[in-house]
Peer 1: 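I have a structure I would like to understand better, so I am pasting it below and will then ask my questions one at a time.
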Amino acid sequence: MGLLLDSFWRAAAYCMRPRVMALSVLPLLLMVGLALGLGYLYWDGAVQGMRTLLDASPFLASFWSWLQGWGLGDVTSVVAPLMVVLAVAPALVVVSLLVVAVLMTPALVALVADRRFPTLERKKGGSFVASVAWSLSSTVLALIALVVSVPLWLVPPLVLILPPLIWGWLTYRVMVFDALAEHASKDERQEIFRRHRSSLLGIGILSGYLGAAPSIVWASGVVFAAAFFVLVPLAIWIYTLVFAFSSLWFSHYCLAALQRLREETGTGPNATSTTAEPAPRASQAEPVAMTGLTPPAALAAPEASSTPASAP
């Protein structure tokens with residue numbers, strides 16, 4: 001629990017950094033750039049095509065005539081551009097968020113690693129191809145679980161439990177892999193998954209609930225068409241900020257868990273070696289008496305005198 005709360009407050013503090021705030025604005029800038037480029041190339045043709053589509057329906061044609069009878073003028077000239085915006089905006093949002101997700105997560109992991117764990121060894125246990133394959137497989141499993149669980153959503157309590165639980169599982173699977181891909185080996189990543197599964201799943205579920213807040217703002221922008229161009233960008237910015245917070249939370253937690261794991265196994269920079277040093281060899285110059293053995297010279301017979309004995 002201590003590691004969970006510590007990583008939470010650190011992630012919240014990191015969200016106030018200028019670099020993180022700039023990354024959270026990136027999808028808005030990207031969406032505006034795409035909108036201006038597509039509008040310059042295809043706006044007139046898209047609006048004209050939408051007007052043709054609206055006028056082709058006999059029911060809608062009679063409805064427009066009825067509105068014109070009330071003095072509203074050419075209603076299709078107002079509805080057609082709005083319908084084009086409503087049709088194109090979700091595609092722009094999805095593309096922008098996908099690009100930011102690919103760019104933001106490595107940048108945030110690098111930010112946490114450089115500031116908190118500069119001495120943590122990078123074992124590069126997950127390549128970019130492995131990350132993409134992991135994310136796609138996890139997404140497919142999550143979508144299958146969502147489709148299978150749809151009938152259970154009719155039960156009032158389960159509709160508030162199952163979708164966040166499934167998306168939380170997906171978030172924790174993808175985020176943990178990306179947070180550890182650069183620094184942890186495959187065995188270390190599997191060990192962290194095993195040890196901290198419940199805490200990491202809890203982070204994913206809470207992130208899923210936080211991600212529901214921008215949806216309310218998005219729905220308000222669709223309902224209140226007059227505020228569409230204000231509320232929808234606000235929803236995108238909030239969603240990106242929530243995404244950044246979740247990525248920072250997972251990064252702080254996973255890298256701290258990895259550092260503790262290496263200290264426990266004796267592979268970290270602060271780990272203490274438990275291998276006993278070999279005893280020093282006894283010096284050959286030590287006195288022989290220290291060995292408890294009789295010197296060989298003491299066993300030898302005394303040498304005969306070199307002076308000849310006198311004759312009797």
Side-chain angles (χ1 to χ4, degrees), residues 1-26 100-135 138 168 171-204 206-207 210 240-278:
M1 183 61 70
L3 181 58
L4 188 66
L5 294 177
D6 178 74
S7 57
F8 173 85
W9 291 116
R10 289 181 183 273
Y14 271 54
C15 285
M16 303 301 161
R17 294 185 176 275
R19 184 177 177 183
V20 179
M21 297 297 291
L23 287 173
S24 67
V25 180
L26 182 59
V100 170
V102 173
L103 299 177
M104 180 180 283
T105 301
L108 295 178
V109 173
L111 175 65
V112 175
D114 293 341
R115 295 191 64 88
R116 280 195 67 194
F117 309 98
T119 60
L120 196 62
E121 182 184 357
R122 299 171 184 260
K123 295 188 177 181
K124 301 182 183 298
S127 62
F128 176 76
V129 175
S131 177
V132 172
W134 180 272
S135 301
S138 301
T171 302
Y172 119 83
R173 291 264 299 181
V174 174
M175 289 287 192
V176 172
F177 190 98
D178 291 341
L180 296 174
E182 181 71 15
H183 293 79
S185 64
K186 182 179 179 180
D187 294 336
E188 289 173 336
R189 185 175 65 249
Q190 291 175 348
E191 181 65 18
I192 290 176
F193 267 113
R194 186 186 65 82
R195 289 190 181 188
H196 303 275
R197 189 180 306 275
S198 58
S199 297
L200 294 172
L201 181 59
I203 296 176
L206 290 176
S207 300
L210 289 175
T240 311
L241 196 60
V242 169
F243 180 87
F245 171 77
S246 302
S247 182
L248 288 168
W249 196 359
F250 277 103
S251 299
H252 279 287
Y253 189 100
C254 293
L255 293 180
L258 177 62
Q259 186 180 53
R260 292 185 181 183
L261 177 63
R262 290 182 179 175
E263 291 175 356
E264 291 177 7
T265 56
T267 57
N270 299 326
T272 57
S273 177
T274 57
T275 305
E277 297 182 358

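Keep in mind that what you see is a predicted model, and the values were worked out from it rather than measured.
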Peer 1: Please report the shortest heavy-atom distance between Ser199 and Leu4, naming the atom on each side.
Peer 2: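 Heavy atoms of Ser199 and Leu4 come nearest at O-CD1, 4.1 Å.
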Peer 1: Run the numbers on Ser247 and Met104 for side-chain contact (heavy atoms from CB on, under 4.5 Å), then give the verdict.
Peer 2: CA-CA 9 Å; Ser247 182; Met104 180 180 283; 5.7 Å; no
Peer 1: For the atom pair CG (Asp114) and CG (Leu120), what is the distance rounded to the nearest 0.5 Å?
Peer 2: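 Between Asp114 CG and Leu120 CG, I get 11.0 Å after rounding to 0.5 Å.
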Peer 1: Could you report the tightest heavy-atom contact between Val112 and Ser251, atom names first, then the distance?
Peer 2: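 Taking every non-hydrogen atom into account, CG2-CB, 4.1 Å.
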Peer 1: Can the ring centroids of Phe193 and Phe177 be said to lie less than 6.0 angstrom from one another?
Peer 2: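 Phe193 vs Phe177: aromatic centres not under 6.0 Å.
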Peer 1: Kindly compute the distance separating CG (Leu200) from CZ (Phe250), expressed to the nearest 0.5 Å.
Peer 2: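 Leu200 CG to Phe250 CZ: 6.0 Å, rounded to 0.5 Å.
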Peer 1: To the nearest 0.5 Å, how far apart are CH2 in Trp249 and CG in Leu210?
Peer 2: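 Rounded to the nearest 0.5 Å, the CH2-CG separation comes to 7.5 Å.
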Peer 1: Heavy-atom distance under 4.5 Å between the side chains of Ser207 and Ile203, does that happen here?
Peer 2: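 Contact flag for Ser207/Ile203 side chains = yes.
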Peer 1: So, taking the atom named NZ in Lys186 and the one named CD in Gln190, what distance separates them when rounded to the nearest 0.5 Å?
Peer 2: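 Reported to 0.5 Å precision, the distance equals 5.5 Å.
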Peer 1: Would the number of heavy atoms belonging to other residues, nucleotides or ligands and lying under 6.0 Å from CZ of Arg195 be above 12?
Peer 2: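 Yes, CZ of Arg195 has more than 12 neighbouring heavy atoms, counting only those of other groups under 6.0 Å.
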Peer 1: Whether the side chain of Trp134 engages the backbone of Asp178 through a donor-acceptor N/O pair (distance < 3.5 Å, no angle test) should be reported.
Peer 2: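 No; zero donor-acceptor contacts below 3.5 Å.
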Peer 1: Looking at Arg122 and Ala113, what are the two nearest heavy atoms and their distance?
Peer 2: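 Looking at all heavy atoms of both residues, the closest pair is NH2-CB, 4.3 Å.
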Peer 1: With a 3.5 Å cut-off and sequence neighbours excluded, list the donor-acceptor pairs that the side chains of residues 8-22 form with protein atoms.
Peer 2:
unit_1: Arg10; atom_1: NE; unit_2: Asp6; atom_2: OD1; d: 3.3
unit_1: Arg10; atom_1: NE; unit_2: Asp6; atom_2: OD2; d: 3.0

Peer 1: Can you name the closest pair of heavy atoms from Phe117 and His252 and give their distance?
Peer 2: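 Distance-wise, the nearest heavy atoms are CZ-O, 4.4 Å.
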Peer 1: For the side chain of Arg189 and the backbone of Gly125, is there at least one donor-acceptor N/O pair under 3.5 Å apart?
Peer 2: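 It does hold such a pair.
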Peer 1: Taking the side chain as every heavy atom from C-beta outward, state whether Ile192 and Leu258 have any atom pair closer than 4.5 Å.
Peer 2: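 They are in contact (side-chain heavy atoms under 4.5 Å apart), so the answer is yes.
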Peer 1: Supply the atom-to-atom distance Phe245 CZ to Leu108 CG, rounded to the nearest 0.5 angstrom.
Peer 2: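 Phe245 atom CZ to Leu108 atom CG measures 12.5 Å (nearest 0.5 Å).
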Peer 1: How far apart are the closest heavy atoms of Ala256 and Arg116, and which atoms are they?
Peer 2: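 Nearest pair, atom of Ala256 first, then Arg116: CB-NH2, 4.4 Å.
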Peer 1: Roughly how far apart are Leu3 CG and His196 NE2, rounded to 0.5 Å?
Peer 2: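 These two atoms lie 6.5 Å from each other.
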Peer 1: Walk me through it: do Glu188 and His183 pass the test side-chain contact (heavy atoms from CB on, under 4.5 Å)?
Peer 2: CA-CA 9 Å; Glu188 289 173 336; His183 293 79; over 6 Å; no
Peer 1: Under 4.0 Å between a Lys/Arg side-chain N and an Asp/Glu carboxylate O for Glu191 and Arg194?
Peer 2: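 Counted as a salt bridge, because a side-chain N and a carboxylate O are separated by less than 4.0 Å.
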